[in-house]
Every structure is written in C-alpha cells, then in structure tokens.
There are 2 protein chains.
Amino acid sequence: MSGSRMRLLSHRNVGLLLLSGGGGPSARPLTSPPVCSSSPARALSSLSATRRGLPKEKMSENGMSRAKVLTIDTMNPTVKKVEYAVRGPIVQRAVELERELSEGMKKPFAEVIKANIGDAHAMGQQPITFFRQVLALCSYPELLSDSIFPEDAKNRACRILNSCGGNSLGAYSASQGIESVRQDVARYIERRDGGVPCDPDNIYLTTGASDGIVTMLKLLVCGEGAGRTGVMISIPQYPLYSAALAELGAVQINYYLNEEKCWSLDISELQRALNEARRYCNPRALCIINPGNPTGQVQSRQCIEDVIRFAAKERLFLMADEVYQDNVYAEGCQFHSFKKVLFEMGPEYSESVELASFHSTSKCYMGECGFRGGYMEIINMDDEVKAQLTKLLSVRLCPPVPGQALMDLVVNPPQPGEPSYERFISERTATLSALAEKAKLTEQVLNTVEGIRCNPVQGAMYSFPRITIPEKAIKEATDVGQQPDMFYCMKMLEETGICLVPGSGFGQKDGTYHFRMTILPPKDKLKILLNKVQEFHQKFTQQYS
Amino acid sequence: MSGSRMRLLSHRNVGLLLLSGGGGPSARPLTSPPVCSSSPARALSSLSATRRGLPKEKMSENGMSRAKVLTIDTMNPTVKKVEYAVRGPIVQRAVELERELSEGMKKPFAEVIKANIGDAHAMGQQPITFFRQVLALCSYPELLSDSIFPEDAKNRACRILNSCGGNSLGAYSASQGIESVRQDVARYIERRDGGVPCDPDNIYLTTGASDGIVTMLKLLVCGEGAGRTGVMISIPQYPLYSAALAELGAVQINYYLNEEKCWSLDISELQRALNEARRYCNPRALCIINPGNPTGQVQSRQCIEDVIRFAAKERLFLMADEVYQDNVYAEGCQFHSFKKVLFEMGPEYSESVELASFHSTSKCYMGECGFRGGYMEIINMDDEVKAQLTKLLSVRLCPPVPGQALMDLVVNPPQPGEPSYERFISERTATLSALAEKAKLTEQVLNTVEGIRCNPVQGAMYSFPRITIPEKAIKEATDVGQQPDMFYCMKMLEETGICLVPGSGFGQKDGTYHFRMTILPPKDKLKILLNKVQEFHQKFTQQYS
C-alpha cells in the first residue's frame, strides 16, 4: 500500500489537482509558493496600460485595455487547486438534467435522485417539531402568547432570547458564540462523556462544522519548503479537508484506511505515512473522521486510544470530526468521543495532547444543514493561540444566530416530564431507526450485485462500495480524460437519473474504484434507487466486457 | 499628506501590526513570505521528540514532550497580523465591566453603553414585523394555518419554502444561493438602478457582506515580492479590509479620505497612493465604502464616475461596499450605486470594468446582523474565474438559509395593496427617520465641545469625530505603550461606561486622533451618551493641560 498513489478527480472547467498519495515527495508541489503569472508592474506608476506593452488585440479603439484584471492566469493559484467533489461537475450535470426534465425533455427516467450529499431534509426527512417551534418563537416573539405552542418550547425560546442582544436573533452575538449556548454545549459534552469536565470557555460556536475545521487548519499552517505544515488525513476522506489544505497551501499527508478490515485505521499505516512525510514537510496535525465519511466505519475504543498515543508520541495536533456521533447503527458498535478516551487515559495524555473536536446541527437525527450551526471544543490549546483564535473569529463577527439557537436545542432537548419530551423522543427514534434500517438495506442489496462489494455501513450516512470496472470502460474513460469511476457515475446519471459521487473525489487506492451514495432517501425510493444501481451495473459490465 | 503614516492599534495580547501609511516601502513586511519559527523536522521520521533536542524543561518525567504543538511561535504568522478593532481589547474590557456591574461591583456608572458596533437590534431597534412573520412561518410551516398571519406573509413563506430542498430551511441550498432569491435580488437591483439590467447568474448570496468581501479578495491575491497583489483601501477604513488583507498576505495600499472636505475622496490622492504602491507591489483592486464606514460620507455621482474612470485607466478591479445604501440622511445627498453609474457611462466602461458590489441584511432599516444574510453582484468577471468562484463557494456548502430567506424579504418587501404594506412602510420610515434625527443630533452636540470636531453624518451609522488630545496625555499613553486615542477611549470607558472604538483601529493621518461612535442608541440614551462624552472630554482636557 505504501507505494500506492491516489488522484483526486479533475474538473475540466475548474482547474486540476493531482495529489500524490502515500505521502511521497511528489506531493511537494503543494508546498511551493504561489506563482502569479501576471508580471509585476514595478515602478511603472504613471504609465498607462497602453504603454505597458499589453497585447494589441486586448486594446479597444481608444487604446484602453480590454484585458480583464482578474483572469484564470492571474487569480489566486491556491484557489485553483481547490476541489470539492460532493458539489462537482456530476452535481452540476444533475441540476441541468432536472431543468431539462422540467422543460419537458425526454429522458430514460422521470426524476433525478440526488444521493450525492448528506442533505436529509432535501430527501424528505422531517425536522424535529420542538426545534422548529422554538425557532419560530425566537423569530417572532409575538407567538409567545399563542396557545398552540407547548410551555417548554416557550421557556426555551425565552431563555435563548434573553441571551441575545436586545432579545433579538437579529443582534450579533459574541464572536465565540452566545455564552448560555456554550454553557449548554459544555453540559451536553459532560453528559455524553460520563462526567469528564468541559469548560464553556473551550467551546466555540461555528458556521457548521466546516467553518471550525477550516479555522483550526488555518491556525496550524506555517513554514516554507520542507518546513511547511503537513496534515494527515484519511483516504478516503471528506473532500473539505483536501480543499482547505490546498487553499491554505499546506501539505496533505494521506494515510489509507483498510478497506479489507471494514475501513479500519491501522497505526502502522499512520506511522508509514508520517515517516515518509517527514522527508518533505513538517507534519503537525492528524485528522480523524469518526464515524467515517465517506466510509461509514465506527472506530473502536481501542483504536481511538492507539491514535491518541500515536499523536502524543509524534507530537501531532488531533482534529476529531465527530459530526456523525449519533449516527451509529451496527450492533456492537458504539460512539466514543476522542475527548472522553483522552481523559480516561490519565493526566499524562489529558493534560498535554491538543485536541479539537467538531460537531454540527447538520447530521444525526436533526439534519438541519441549512442553518449552518456547529461547535468545536478545544482541549489543551495554548492560551496565546486561543486569544489569536478568538481574535480571528471576531473578524467574521459571529456565527449565524439562528444556527446557534438550533445548536442550543440539539444539546439541550426536551427532558423527561416536559410536555414536548414524548414527541421529541418518538421523532428522534423514528429517524434514527429508519436510518439504521436503510444502512442495512443498502449494504445487503449492493452486496448481491456481482462486481460491487460493500462494507457494513456501521455509522454516518453513506455507503462507499467498491466497484469493478471492466478494462474496456477504463480505457474509454482514459481516452476522454475522465477518471473511470467518474465515467461510470456520469453514465449512471444520464441513464438512470441517480446522482452519486465517484470515489476519486474522496481518494482511493490506485486501481480501485468506488462511489459514495447516501442512505438518506425514503425507504421506498431507496429500494428503487438500489435496484436501478444494480441494473445499471449489470448493463454497464455487459456493455464493456 | 503623502508622507503621513498611520498605525493600526496594537493589541497587547493578540499580536502587533504596524502598517505604514501612504503606501511607502515600509509596508513591505506584509508581503514577505510567512516564516515559521519551528524548525522543519526533515528526515527525522523515526526520532522521538526527546531525541530531537527539545528544551529539557519541556519534557515530562517519562521523556514525553510537554511542549505544545501549536504555540504563538509556531502558528500561522499571517493570522497573527490580523487586527479587528471593532471587537478589540476595549470591547473585551466593556464585557468585563458589564460582568463586574452584574456582580455588584461599584462603578462610576450604572450601565455600559456599547456604541462600538453597528448592532441595531442590540441597541433596541425593533425588527420589521413582516420579515419576522415570514421567518417564523418558514421555520414552522404548521403556522401557515394560523389566522394571526397576514396572507402576504404566508404567500411569501410558501414561495421561499417551495425553493428549498424538501420545502425546508434545513436543507442545503445551491452554493451560489437559492435561485428564486437570486432572481428577486436581480429585480431589486434593476428597480434600484432605474432599469439597468441585472443577471441573477451574477448574484452570489453570502454569509453577511464580510464573507463576500473576503471571498473576492481571496480570488485576487497572487504573486510574490514586488509582484504581490496590492489592494487600495480608504483610510479611515472598516478594519475587515485590513484584517482580510493581512490574513491573505496581500499588500494594503492606503489612500486617505479628505477630512477637511467632509471625508471626500480625491482622485489625485488615489493616483498618489497608486503611484507609490507600484514601486513595491502589483496594485490590482480598489475598495470603496459608500456610504462611508467609519466616516459617514455619501459620495457624489461625479466622484463615483471619476473613480470608475480611474479604475478603468489603471486597470483595477473595483469593490464597492454598499451595505449602507438605504442609510442616507443629509439633505442633497443621494445614494448612487457603482453599478448604475458604470452603466450610465456607456459600453466603453460598462463592458469592461470589473466590479463586485456588496449588500447585507445587517444594516439599513433592517439591522438583522445575527442572520448573516448578504449578497454580492459581480460585473464583467471572467467566465473561468466565475467558475472558480462558484467552486470555491461550494466548499462551504451554502450560506445560512434563514439569512437567504431574509435577504429575499429585504429585496422583495410588501407591495402597495398587500395587507402588510402600510405597516412595513411605517416601520421602515420610523427607523430611518429616527436614524436621520440621531445623525443630526450627534453632529450638533459633538460640535459644541471644544476640542471635538465632527463632520456631518451624511449616511451610514457612525460619527467619526476628530479629537484634540493634550500633549501630556499623549506622553502618558506612549509611556504605557498605548495609542493616544486608545488611552482616551479606555479612560472614557472606565469613567463613564461608554464603549467607543479609537480612530487608530480604522487608520487616520499621523498626529490626528478620532473615535468611532454609532448613532444607534435610542434618542434619550444617545443624548445622555453625548452629554457624558462632552463632560468626559472637558474633564480629560483639564486633567492633562
């Protein structure tokens, strides 16, 4: 595995990123300083554009330059390196197909099914009634006298509004987030982690988890050349990580999950990746997604302990992406937070290992992506760095306040004895049970197809099956400059209306192919979708055999 | 003026930024590549921390390193350079004072009045009823059958929900923003600009205006050394600009507004700043804030035309921060959008000058800061760059959907004949009239004080008066390492409970001192505040004479 390479999918129209896998020296291009192809206009202060020798064809008749200031050649080169497959060209094509359908064009399908993104409400999941009641009350407090709302919703709304400037969701909050919400988050974490203490001062509310992750990576990046910050990420990964690292000009260090062992994480592979990376960069952080995205595995307590020990030994800042912490389905699997395990390992670790963990309102049973709510907890962060973090966050003023309110409700839902408790529990259970059922169904159906092999979806919201693509199809894809799995997924989209994301957008071992499919569609629709995938795969395999 | 220098205020605990004004070569430190003081750990793959020669005192007994991975010396150096005075140390002290008051500590005041930030609702401004009704309906659609809501609010909520995935605010939107909202924004711009066409494809919804501004700057930054991108910003400026440029490692080019002529913008000063900057960087963009923040001026149509001509001649990308477009109070003043003036200047300009303009839900009569709603319109952007912009935005998934809904309501408010129209107009008028009255009052009272000179507050939400600080006070400030106006504002805060922002946080001509004060407190409170400022200034002047 150590010699294997991965390539992230290249978007024809939006630049090209080739990341070498296995942490070899060929990953180095990311560390070189950005080059701007526009020539510097030194000491040309009073010269007009005309006299600066711009190409003639770019001049209008009056001699004024028609060339754009900002072109693909003169824009920020790190931005060009950014890729984000979850909303890449295949999704753009899906949107086009939807429009064509709505305009009456004939297609071999009646509907586009977007199984590309973890967007639960878009797939028909209903919001939690209590959460939305409180949000409505906060938005329009006149409703506090409306008898249709239960008392606990009103109490919760009053508590939130009392913490807002002018009792309004429309006021800015503190940059770190509303204090009472941070307190509620801290108590939630303490309950979740069996009493391990949590200081609200270590909680930062964020604009979704992505915002927190990018902010932490931003703090970590420094150095040049072989001293440039390297960050270890799993392959397959959620492409936010590769995108953020590309934009920040940091070095992406790939460690490979073990597909044969249900996408588990081997410490020996971490060590291999780290050792190789130390030759050409300064590895400083290790990112873990648990439960996994796109791979759906749930890490064992032992594995988390080993990872923490590894981070301590190798002096790596730990980043734990735990946004799927309530999405655990498989029997025998359980979510363990990095924070809890860290503290159970004793002061030698709990007083030194630096950890940031991330959560969000977008996943689990809530699925409230549109509100962009989230938090991060930071452990053992240097006080001066913490002051810098707060300062940095102040520039963007504050996270969206409705999202903060929602985060508060997630960590402080109705309690036994309160009027909304029963309904809340029943809605939450229904959603999580349905997800568990769909996780099982997805794995089962996909594994009946010859040429598709799917690990158990232990948690999160995705299956990431391995697919066999015939040599003839690989050749045809290569001929048109496409990754084979992009070729496969594009064909599936055009023929069935199903929108998946090719594995190349997440990274995979060279020579292997996958796709990511969410398990979010309602059960009936998911069954149709799985049958269509099955049919398509068989047809595709026949066609290219 | 050309030789003058400005210094941004230094935060003792959060790093230090000295920006040379006038665009001289001493601004160059910002362009040098970030240096990381941690030594690269090349080829040390298998060595433990102990053997890498870390200082002994940082080792625990078992030989494991206790030194933090992330310290002030090893963090991202560009982040350290970021400053944001509007939420700087004076505001942190104000928050402390509020806590001390609430804990019963005795102070020479009963209340802290925060006049540091344009946070209207926090200062008691009421939200527009119609907006909040629609937001409540969107949050909890069960309310659509509630008779307390007017029909137009229900219709608007249905229209918004129909544009959301799964008819829920909880679904992600397209990265560029909800299509129907972008269409409404485009129609609003066309009405505002007397029919100048607007393409919804040029509208990008954002997380407040700040997000749009930072994103545009990010696209523009490239090059190294003398080829590094320079961006022209007004001095005084809104410190988002200096903060973003510092973080991006771009060169800040200062042009000075003319305080003697009511903070007007002279083209000759733009030319001076540009000519000097061309010696050490590659100036590519010109930022204008109109109406002005912190200076409150409203630009004339002629001035805008001159600026556009200058940008065309010098090949600069124009960025027009127009978030205060409805906040115009002074007689004879009128808001002219850069877009409209650009198109009125004919195809020679309207077909070539690249422009991004920004708007927000946070200011004007809405004051809905907490929702983080906003949009930007881009004109004449290169198609390939536009694709890159869309790709970049997709990584953060989407702006907060409630903020998008609110932006839709702002650009598409109740129309004559609709049930909510009268109430909407009366609420909007009341807020804008009160602001106009407070703008006048602020200017009048401050100008009665000897040693304070305040330009007319023609627009926006702030006064930025010049204050005379006695030599003795300047010396005392210098002795304790503070900017004289920070010293002045800190003293005012401790003695009166009034929280203002020192002019040094925005930039000012060397040897001049100012503060920024919002005009947002309710009239009665504003009068008290102005009287206290007057008393304090007199006492301070006496004390240090």
Side-chain angles (χ1 to χ4, degrees), chain A residues 13-14 36 40-45 49 66 68-72 75-76 79 84 87 119 121-122 124 127 132-133 135-136 139-140 165-166 168-172 219 221-223 226-227 243 275 278-279 282 284 315 317 352 354 368-370 372 382 384-385 387 391-392 394-395 400-402, chain B residues 13-14 36 40-43 45 49 66 68-72 75-76 79 84 87 119 121-122 124 127 132-133 135-136 139-140 165-166 168-172 210 219 221-223 226-227 243 275 278-279 282 284 315 317 352 354 368-370 372 382 384-385 387 391-392 394-395 400-402:
Chain A
N13 299 316
V14 287
C36 176
R42 310 170 210 191
L44 293 174
S45 52
R66 289 272 181 242
K68 304 267 188 209
V69 176
L70 186 58
T71 67
I72 195 80
M75 68 173 284
N76 190 332
V79 170
Y84 188 67
R87 295 202 157 193
D119 192 356
H121 290 200
R132 294 309 197 88
Q133 287 175 331
L135 287 170
S139 300
Y140 188 51
S168 171
L169 291 187
Y172 291 120
L219 289 181
V221 174
C222 74
N275 291 356
R278 283 219 165 106
R279 297 195 198 121
N282 181 14
R284 304 185 67 205
R315 304 193 68 247
F317 193 108
S352 70
E354 294 150 84
E368 296 276 13
C369 316
R372 314 305 300 119
D382 178 87
E384 285 178 300
V385 177
K391 179 197 71 175
L392 180 64
S394 76
V395 179
V401 176
Chain B
N13 299 317
V14 286
C36 176
R42 309 169 211 191
S45 53
R66 288 276 181 237
K68 303 266 186 209
V69 175
L70 185 59
T71 68
I72 195 80
M75 67 173 282
N76 189 333
V79 170
Y84 187 69
R87 295 202 157 192
D119 191 356
H121 290 199
R132 294 308 196 88
Q133 287 175 330
L135 287 170
S139 300
Y140 188 50
S168 170
L169 291 187
Y172 291 121
S210 304
L219 289 181
V221 174
C222 74
N275 291 355
R278 284 218 164 107
R279 295 195 200 121
N282 181 13
R284 303 184 69 205
R315 304 194 68 245
F317 192 107
S352 69
E354 293 150 82
E368 296 276 14
C369 317
R372 314 307 298 120
D382 178 87
E384 285 178 302
V385 176
K391 178 197 71 176
L392 180 64
S394 76
V395 180
V401 176

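Below, all heavy atoms of this structure are taken into account, side chains as well, without hydrogens, waters or symmetry copies.
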Under 3.5 Å, side chain of B/Glu354 to main-chain N/O of A/Lys68, donor-acceptor pair present? no
Quick one: what part of B/Gln133 sits under 4.5 Å from any heavy atom of chain A, side chain, backbone, both or neither? both
Counting heavy-atom pairs under 4.5 Å with chain B, the top scorer among A/Leu135, A/Thr71, A/Leu169 is A/Leu169
Nearest heavy atoms of B/His121 and A/Gly170, plus distance in Å: ND1-CA, 3.6 Å
Straight-line distance of A/Asn76 CG to B/Cys222 SG, nearest 0.5 Å: 7.5 Å
Could you tell me if B/Ser352 and B/Arg315 have a donor-acceptor pair between their side chains, going purely by distance under 3.5 Å? no
Using a 3.5 Å distance criterion without hydrogens, assess whether the side chain of A/Asp382 forms a donor-acceptor pair with backbone atoms of B/Leu70. no
Walk me through it: do A/Val79 and B/Leu392 pass the test side chain to side chain contact (heavy atoms under 4.5 Å, CB included)? CA-CA 7 Å; A/Val79 170; B/Leu392 180 64; 4.1 Å; yes
Between B/Glu368 and B/Arg132, does a side chain to side chain contact (heavy atoms under 4.5 Å, CB included) hold up when you go through it step by step? CA-CA 10 Å; B/Glu368 296 276 14; B/Arg132 294 308 196 88; 2.7 Å; yes
Is it the side chain or the backbone of A/Arg372 that comes within 4.5 Å of chain B heavy atoms, both, or neither? side chain
Taking B/Val395, B/Val385, B/Leu219, B/Val69 one by one, which has the highest count of heavy-atom pairs under 4.5 Å against chain A? B/Val69
What residue in A/Ala171, A/Gly165, A/Pro400, A/Pro402 has the most heavy-atom pairs under 4.5 Å with chain B? A/Ala171
Region of B/Ser394 in contact with chain A, defined by heavy-atom distances below 4.5 Å: both
Counting heavy-atom pairs under 4.5 Å to chain A, which of B/Gly124, B/Pro127, B/Ala136 comes out on top? B/Ala136
Residue from B/Ser168, B/Ala243, B/Gly166, B/Ser139 scoring the most non-hydrogen pairs under 4.5 Å with chain A is B/Ser139
Most heavy-atom pairs under 4.5 Å with chain B, out of A/Tyr140, A/Phe317, A/Tyr172, belong to A/Tyr172
